[in-house]
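What follows is a short report on a single structure.
Scope of the values below: all heavy atoms of this structure, side chains included, with no hydrogens, waters or symmetry mates. All chains are named by letter (A, B, ...) in the order of the sequence lines, taking the proteins before the strands, and each is independently numbered beginning at 1.
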Protein chains: 2
Amino acid sequence: MPSKPSDVTMDAVYTKPGYLFRRMQQIAVSIFIEECREFDLTPVQYAALVAIRTHTGIDATRLSAVIAFDRSTLGSVIERLEAKGYVERKPSTDDKRVKLLYLTKAGAILLRNIMPFVDRAQARMLAPLKPADRKTLTALLSQLVDLNNEVSRVPLRAEDALEHLGKTG
Amino acid sequence: MPSKPSDVTMDAVYTKPGYLFRRMQQIAVSIFIEECREFDLTPVQYAALVAIRTHTGIDATRLSAVIAFDRSTLGSVIERLEAKGYVERKPSTDDKRVKLLYLTKAGAILLRNIMPFVDRAQARMLAPLKPADRKTLTALLSQLVDLNNEVSRVPLRAEDALEHLGKTG
DNA sequence: TATTGATTGACAGTATACTGTCAAATTGAT
DNA sequence: ATCAATTTGACAGTATACTGTCAATCAATA
């Protein structure tokens, strides 16, 4: 085996965090879909449902801040959840531009039922690591995501969600 | 501040690895695009270019295995790289189904020029962490991606790329 | 009150990322 | 040599994810 000049290896990709993040995201989604197959729900749809349950009567813009999810895409996600009967969109009386989001009974039931499957999926993602390493990785990732929050187009603004509580639907 | 029942928090999302992976991928892409703005190249396009340089004359299927990238999507990625003049697709004489991939001169130059910007992007992703933590995170992620390799639809098969060397273009 | 500026949801456009299908071509077994 | 199974690239369809634009609406202010 001849030795290779640096030009001929893939190190410029494989060892880099960007590649590892993309790969891990790919794997995480794959595991989620597999474990939750019978529910036909994507990770993002799941996150949206949890957020709508947590913040009943939230509007789409605030929801996008709460799950750090692009507003342009969120519309179609909500559409799909509405089509499946898990979410209702009601116009606000306060602000005619706004449509407020509510979980339907079916949505609430689905969320309760899917929880254990989601938990199993989350566990599987980290399963290959030793328990101590799982904690370390999760802690470091949490830090990193938090410290890099402002970088992405849609920074997480968890506190935004509380505002809607002061207003009438 | 009243205490909340577990139903009313977002813990079912925020603290979970799946959410952290998605968020981190989002941030990583954002940083990459920003740092490499003047080159108009996406992370995946970059990875494809590096792989084609590393494995001159590789075909699309093997390329997808080398960067763990879905074959269905790879077609359009290559199309865009071809349109930009960074890649050439030549039919194989051995196998009439196959189209072999080559970096153009412009592609090689681009790759050389973009390298420092990619490095800066990669560094920025981990910058908020202490140096020791960066190493720890990268090491754990590498392990996890490797150990979960088979889970995703397109497992990384770095060794696949070597096969084309034994054949004539 | 009239106007300016900001917000909201919708949309068009591009780029991943996956599932599944298909025809053409190749390979392997008989 | 022929037929079956596989491989390859292409495509259709769905679902994120981003940039940018737009009209309707609302809020702030002159």
Side-chain angles (χ1 to χ4, degrees), chain A residues 18 21-23 25-34 37 40-48 58-65 67-84 89 91-101 151-154 160 163-164 167, chain B residues 18 21-23 25-34 37 40-48 58-65 67-84 89 91-101 151-154 160 163-164 167:
Chain A
F21 291 136
R22 174 173 76 78
R23 199 80 187 83
Q25 156 72 359
Q26 221 176 21
I27 290 165
V29 171
S30 184
I31 290 175
F32 186 103
I33 297 291
E34 201 178 308
R37 182 182 309 280
D40 185 34
L41 210 66
T42 68
V44 170
Q45 288 170 11
Y46 168 75
I58 198 173
D59 62 288
T61 296
R62 252 183 269 285
L63 178 60
S64 89
I67 56 177
F69 194 90
D70 191 82
R71 227 185 37 186
S72 314
T73 320
L74 191 55
S76 56
V77 175
I78 294 172
E79 236 169 53
R80 281 183 279 275
L81 289 175
E82 216 179 0
K84 290 177 187 174
R89 232 188 309 207
S92 164
T93 52
D94 281 1
D95 187 333
K96 286 174 193 165
R97 297 169 304 177
V98 173
K99 290 177 183 171
L100 304 178
L101 299 167
V151 172
S152 65
R153 186 193 182 191
V154 191
D160 270 27
E163 290 180 25
H164 75 112
K167 303 179 179 179
Chain B
F21 291 136
R22 173 172 77 77
R23 199 81 186 81
Q25 155 73 1
Q26 222 176 19
I27 290 166
V29 171
S30 185
I31 291 176
F32 185 103
I33 297 291
E34 201 178 307
R37 183 182 308 281
D40 187 34
L41 209 69
T42 68
V44 169
Q45 288 169 11
Y46 167 76
I58 198 172
D59 62 287
T61 296
R62 253 183 269 284
L63 178 61
S64 90
I67 56 176
F69 194 90
D70 191 81
R71 227 184 37 187
S72 313
T73 319
L74 191 54
S76 55
V77 174
I78 294 172
E79 237 170 53
R80 282 184 279 272
L81 289 174
E82 216 180 359
K84 291 178 187 172
R89 232 188 308 206
S92 164
T93 51
D94 280 1
D95 188 333
K96 286 174 194 166
R97 294 169 307 177
V98 172
K99 290 175 184 172
L100 304 179
L101 299 167
V151 171
S152 66
R153 187 194 181 188
V154 191
D160 270 26
E163 289 181 26
H164 75 113
K167 301 181 179 179

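For B:Gln25 and B:Arg22, the side-chain atoms include no donor-acceptor pair closer than 3.5 Å.
Contact between the side-chain N/O atoms of B:Gln26 and the OP1/OP2 oxygens of D:dC18 is found at a separation under 4.0 Å.
Atom CZ of A:Phe32 is separated from atom P of C:dC18 by 16 Å (rounded to the nearest Å). Between the C1' atom of D:dG9 and the CG atom of B:Leu101 lies a distance of 11 Å, rounded to the nearest Å. Note: CD1 (A:Ile27) to P (C:dC18) measures 10 Å, nearest angstrom. What separates CG of A:Asp70 from C1' of D:dA17 is a distance of 6 Å, to the nearest Å.
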**Q.** Trace of the side-chain hydrogen bond (donor to acceptor under 3.5 Å, both in side chains) decision for B:Asp70 with B:Ser72
**A.** CA-CA 6 Å; B:Asp70 191 81; B:Ser72 313; 3.2 Å; yes
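Annotation for A:Ala68 and B:Gln26: closest pair O-NE2, 3.1 Å, computed over non-hydrogen atoms. When all heavy atoms of A:Asp59 and A:Leu101 are compared, the closest pair comes out as C-CD1, 4.3 Å.
Side-chain contact between A:Arg80 and A:Val77 is present, with at least one heavy-atom pair separated by less than 4.5 Å. Taking 4.5 Å as the limit, some side-chain heavy atom of B:Asp40 sits within range of a side-chain heavy atom of B:Lys84.
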Q: Scan nucleotides 8-16 of chain C nucleotide by nucleotide, 5' to 3', and note B when protein non-hydrogen atoms come under 4.0 Å of the base, S if they reach only the sugar-phosphate, - if neither.
A: BBSB---SB
